[in-house]
Amino acid sequence: MSKNEPITQINAMAQAPEEQPKQKSRRGVEWFAENGIFVFTAVLILSAAIFVDGFASLQNITDVFHRAAPIGIVAVGMTFVVISGNYLDLSVVAQVATAAVIMIAVSNEYGYFAAVLAAMLAALIYAIVNGVAVGYFKANAVIVTLSTTYVGLGLLRLLSGGSIFFGPPDGALAQFGAGKLGPVPYSALVLVAMTLILAFVLNRTNFGFTVRSFGINERATRLGGTNTGLVIIGAFLVTSLSAMIAGFVLAAFSNTAVSAMSTGYDFQALAAIIVGGTSVFGGKGSVLRTLLGVIFVSVLSNVLVLLNIGFGYQQMALGVLIALAVTVDALARRAGKK
Amino acid sequence: MAAVVEAKNITKAFGGVKAVDDVTVSVEAGEIHAVVGENGAGKSTLMRILSGIEFPDSGQVMVEGKEIENSAKDSIDAGISLVHQELSLVPEMTVAENIYLGGFPTSAGFTKRKEMKKFAQETLDEIGVQVDIDERISRLSVALRQFVEIARAIARKPKVLILDEPTASLTPAETDYLLSMLERLAKQGLAIIYISHRIPEVFRLCHNVTILRDGKLVYVSEIKKTTPQEVINQMVGRELKLDLESRRDAKPGDVVLSAVGIKAPGVNDVDLEVRAGEIVGLGGLVGAGRTELIRAIIGADNKTAGNVHITVDGKRQQITSYMSAMRNGVAYVPEERRVDGLAMTMSVTDNVYLPNRKDLAASGVINPAKAAKVAKELADRVGLRPPEIKREAGQYSGGNQQKIVIAKWLHKRPSFVVLDEPTRGVDVGAKAEIHRLVKELADQGTAVLVVSSDLPELLELSDVIHVVRDGKIMGTLDGAKADEKQVMGLAAGEKLVEA
Amino acid sequence: MTQQDTIQLGGGELSLWGKIKLTIARRTEGRGVALLAIILTVALLTEPLVFTAYQVTLGRIALIGLVALGLTAVILMGQLDLSVASTLAASGVVLAIIPDLTLGIIAALLTGLLVGAINAFGVAIIGINSFIWTLGMLFFLRGVALVISNEAPVKLTNADAGIAFGQPLIGPITPRILIFILVFIAIQVFVSRVKMGREFYAVGGNPQAAKDAGIPVKRRIFTGFMISGFVSALAGVINTLERTAADPIAGSTVLLASFAAAIIGGNYLKGGRGSIVGTLIGAGALGVLQVTLTLSGVQVPVQQIFIGLVLLLAVTTDPNNLRAVLSSIRSARSSRVKVQKPASEPNKSTAS
Amino acid sequence: MATNKEKKEAKMRKSRLFLAPAAMLAASALVLTGCAAEEEAATDTSTDSSSDSDSSADAGDDTLEVYALLPQGNDQPYGTTYLPPMQAKADELGINLTITNSEYDGDKQASECEVAVAAQPDGIILWPALADTIRPCLEAANNAGIPVWITNADVNPEDADLTYGYSGTDSYGQGAASAEMMCELADGAEIGVIQINGLSGNSVATLRGNGFAETIAAECPNVSILAEQPGDWNKDDSQIAASEMLTAVGIENVQGLYAADDTMVAGGIAALEARGENVEDYFITSIGNTFLGNPLVIDGKLDGTVFQSSSWDGENAVTGIYRAITGETSLGRDDDASVLYMPNPKVTIDNATDPEVAPEW
């Protein structure tokens, strides 16, 4: 590149944009919206450890991890769809069940390798159907994934006959499902590994970059030379593969599989993502936040069970939590705008 | 006769730049008053102040001698009706409903449909537009929507009607009709403020003309006492402050871009060539079809016909989509940088990274250090201030944002660069830097296509100027010899002043 | 200068056929009508019982469609309400736990209005995306229903009144069908004839223009969500009365079916486009489809696949989406057609 | 006028666009209904002509039309093994079955009931999705003169008069039987147990739970229920819930575990094993004797379960409606033949391998 002599001359003319000093209170709200989840999670865990008997036991830590693992794996994957600005993938319900049933039913007959291949094929099909309809036809993601849920569950039930499938009690899968490293079950290690991998993909790869920038500004991303349709398919593919792994983990943990086993995973995963502070407007958010959201929701459920509080109250608490999380975010955005 | 509406000593500044500077305009009943000026001369801002959408920093607006509060509602109540340049209709409601949007006649909450339709029909009859009042707006042509907008303004029984470039989207026949309609309305006692760049229209229609330039009022005259030539002179009117030394010696090479028979919405069968090392300027008025033309050429919008080829290193490639344009070294600096150009909540580095992913991270994994290094280099090269590449793009001023948009394309060493209004809303210093960058690119052998409504800019930069009107190239001028009047004359529909 | 009195910009006089075509083109329910026609034809050929026992079919349509009608009011404004099914369940339980029937009905309906108001508060005042805010409400109300019902079905104190409620009133028309028709008429009149309802289209179609024209956008959002909440609660009341008991986990199939009905009926999720008639047609198509499939004894998984495919088709064949896809295909194809033209023409120029 | 022509063409293009999906829909509709008919034919190999898709009741000969309104089917393990014996029995008796699945949605089942009544079949088999909500359905069937036979889960006592009979288990009784075994195991000792229920709000879950809790309270007050949580009929959910309950009440206070079915008890056992506990030291009972539960009984991990036979259930539903149609039973439950209680033998390690309690699902 040639040297830029004229620059110095012009520099003098250019005005530096004045930085507006932020008010303290506004900063407070923004800081809270940014980091609130860390504080909340820490406070919840600390107070539970102090006030709830048995919470801090090693066994209970294992239980919390068991609670968090499958839903967490779904949620960290679904974060990609949410960050791309497409609300959620309802069809994870069908995908998790499909993967679990395939894992046990197919591996019983043809071995693990064939099972994994078959499950990956299923994940790929889901991703392509969802991604093409949303990315190329610009159809609403909620309705598209709702219809693939119908079709997917219908197919699964038709093909599996609705039976419950068992793995051999001492098969590799069952051993993995029961295995622990200290108090940490292998499934939680999978969750941590998935979080790290997906955080890397989202923050450090070209693909993750386009997912984020698509969520912030679709048109600028397209004009930056991105095939935005492919980005959407990719986001759905990450979600589908995560749902597949969640299905494996779930199948390993219970060593059984049935088509109804993942009911409610769609909205539960989304709830964890929102509680973690990922914005449904797209762009803002991270996989790590989702992990925190999952931990927060799991710890909360765990504490409520330890206190022998009914299931109804747990659902109410989740609803209030979502409202609080988004309200703080909204107030912060408003403060930031002024 | 007393003035119906009077704007006294209006001043309004945006971020230190005076968009309107001490302007006074007054219009009498039955008068059609033209307000003309180049793009960005301050006409639209003045009209927004008149209609209460913007508040002036100083000065006052009087209607029939009474000062009005500055709010949209007060303006409407006082009898000022603005026909927006951007359409503000609800697409899925009917014509009649849009005419009465927000003010349907009702009884006990129920819309009095018959009455509403009758009123709407009367209004449309009054302006002589035949359109099915039960039709939904989304199914109407842009021209029809424009007439519905006018009907909506008329339905408020205004004393003053302001029209901002009403003929931009109309065919000659429709324009013809609109003008005679306005004459009729004026004869009935309506005061009309007519904003347009189109000089023939102004001369056919208006009684008086006010000319704004750079926010200042420079000329007021009865139309009978002036000539089109004089009006154009006054619009352009500034001293030729073009520093001739700042013009470069163009040494055009081979044809890089060749577009043949391009048709698209708003573009009517255009051929265009740009050579290596050459800057081609597209002049013309807002709405002439320039943006549509370049977007169709590079595939950012769909075209309906035509071929585009790019020749790089002797290889001739067809451009079928924006992706293929990108692959062949096309760089596009869009007009709407907030919507199309930048991800405002991403850092400078990320914005620079966006189009350079393949190059900066061939393996697909981002190397933050490398990305930061490139971003830093580019920020220095375009003179970003402050050169903090971790800052969010949205926190920079307009000029610096535009520098980021340009910077992100420089790393790839593009073979063909398209810039759409590269210095709109940009301060003087940044403008000079951007001009320098554009020339530098051309000197390095890049083919450059610039769309600009800023005549001095167009003349300074371009080796060749095409003037676009109604989606067609109306004339081609040699950039070194052309002057502002020639460009404006072609753009506004006058014959070439000096052939 | 030619002096014209009028300018003709529209289509001009139309033949009868032209008028019919115009009417069809103006409506948004096209796909819904086509789907309904196909389903009716298939039903007529395979299961004529769908028509002879029309009161049953109507009952099913009312079951699916009632909630969808309220939902449409919200969708017209470009918002979503995920809490409809939980509202239905919670208001049903509220009705059942109150011994006095009249009081129970009033309390249940007030619950719906309250839920609607809270939903609107989050969306219009705090400014939160309605999808997320009502998702929170979905969980919260589900919890409420479980808690106040003690996690078990609650029997109506006055079961006889419930059974009487399920009996046909006029001919084969049960109160459910009658209420459904009345609600349909009410909301249809509201959004097509009443100023306030008509402005829903403006709020959904061009919020800025609505605001500029002095329409109180926030108040309209409140009205819409309260309609949705009220109608969901009404559905909960009807279900609880007809079944003589309230189920705290009721409505599991309602949420998705009512969205499906609205979408098939041509309602645009971004707002501003669609109609209550469309929702009725969508509910009709879905209801007839379900009854036909039930009667022909098709396995439930096959029914699910079928409904899923219909929905996928409905959402991907939105005219706007199709037009966008086709136009980019056409654009790519146009490049491959060689342009033949003479070397020079007036009005056109080739640079340097 | 060229523009008019263009418009026309555009419109035709639009209508073609419109027709394409419509045609696809129609095609897929036909294919799918065709498939369904074929499937029906495939399952009905044992009989000659009972699978004619003509569903009108007055088909002439002795083919009987029966609607079976079930809340589950191929989507649940029990329903999956319930259906084939039911179909086989129907074929044997010359009955053409139309089966629905309401997925435990009471409103949907009510609507299906209306459809069934309108079809005027010879009889209706009803498995209530929600016992409290089916009275209107029964009344409608009665008014239409269609006999209704209840299967799997009985109606409330006050509604029994509207049915022709019942075959199946006694969900409350199953919970009670499981409680009785728990009482025997405790043998008068003061012990604490934890209870895992089915899906919250589900009526079988409620009945079994009440049956267990009330029987314990009445017969062996020495056994105290320390905590209860739903396990959602899932092994994974119940394992977590069980483990958390153990933490909550302190594992040292727990000597027993009850779960509302074998799948969930397997989760509870897994929770104990995961803590390194010797499962044989705990008193554990459940309901089902399924493929999952039976081996646990044989291994000595599950101390007692209550056998539930899906094939008996399915077969006897058809036997019952056949009795009702042929006049063997009449409205109300006055006849001896009107109630067929599924033998619900308690299964322990002593009889776990007997052929009569061989697991079926």
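These numbers were taken from a predicted model, which means no experiment stands behind them. Labels below follow one simple rule: chain letters A, B, ... track the order of the sequence lines, proteins then strands, and each chain is numbered from 1. Hydrogens, waters and symmetry mates are skipped; everything else that's a heavy atom, side chains included, is used.
C:Ile263 touches chain A through its side chain: at least one heavy atom from C-beta onward sits under 4.5 Å away, while N, CA, C and O do not. Contact of C:Leu138 with chain A is made through the side chain alone, with heavy-atom distances under 4.5 Å. Contact annotation for A:Val134: neither backbone nor side-chain heavy atoms come within less than 4.5 Å of a heavy atom of chain C. In this structure, chain C has heavy atoms under 4.5 Å from both the backbone and the side chain of A:Phe267. For chain C, the nearby parts of A:Leu155 are the backbone and the side chain; heavy atoms of each come within less than 4.5 Å. Contact annotation for A:Leu88: only side-chain heavy atoms (C-beta onward) come within less than 4.5 Å of a heavy atom of chain C. Proximity to chain A (any heavy atom under 4.5 Å) is shown, for C:Ile249, by neither the backbone nor the side chain. Heavy atoms of C:Val325 lying under 4.5 Å from chain A belong exclusively to its side chain. Using a 4.5 Å cut-off between heavy atoms, C:Ile148 does not touch chain A at all. Contact annotation for C:Leu269: only side-chain heavy atoms (C-beta onward) come within less than 4.5 Å of a heavy atom of chain A.
C:Phe139 places none of its side-chain heavy atoms less than 4.5 Å from the side chain of A:Leu321. Looking only at side-chain heavy atoms (C-beta outward), C:Arg142 and A:Met316 stay at 4.5 Å or farther from each other.
Every residue two or more places apart in sequence or in another chain that forms a side chain to side chain donor-acceptor pair (under 3.5 Å) with A:Thr79 is listed here: A:Thr290.
Only one option out of A:Ile322, A:Val320, A:Leu318 pairs with C:Phe140 in a side-chain contact (heavy atoms from CB on, under 4.5 Å); it is A:Val320.
Scanning residues 141-154 of chain A against chain C with a 4.5 Å heavy-atom cutoff picks out A:Val142, A:Ile143, A:Val144, A:Leu146, A:Ser147, A:Tyr150, A:Val151, A:Leu153, A:Gly154, ordered by number.
At most 12 heavy atoms of other shown residues, nucleotides or ligands fall within 6.0 angstrom of atom OH in A:Tyr313.
The greatest number of non-hydrogen atom pairs below 4.5 Å with chain A, out of C:Leu146, C:Ile132, C:Thr316, C:Leu80, is found for C:Ile132.
A donor-acceptor distance shorter than 3.5 angstrom exists from the side chain of C:Glu151 to the backbone of A:Phe311, with no hydrogens or angles considered.
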Step-by-step side chain to side chain contact (heavy atoms under 4.5 Å, CB included) determination, A:Leu158 to C:Val302: CA-CA 7 Å; A:Leu158 202 61; C:Val302 180; 3.7 Å; yes
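Taken from OH in C:Tyr268 to CG in A:Asn140, the straight-line distance is 9.5 Å, to the nearest 0.5 Å.
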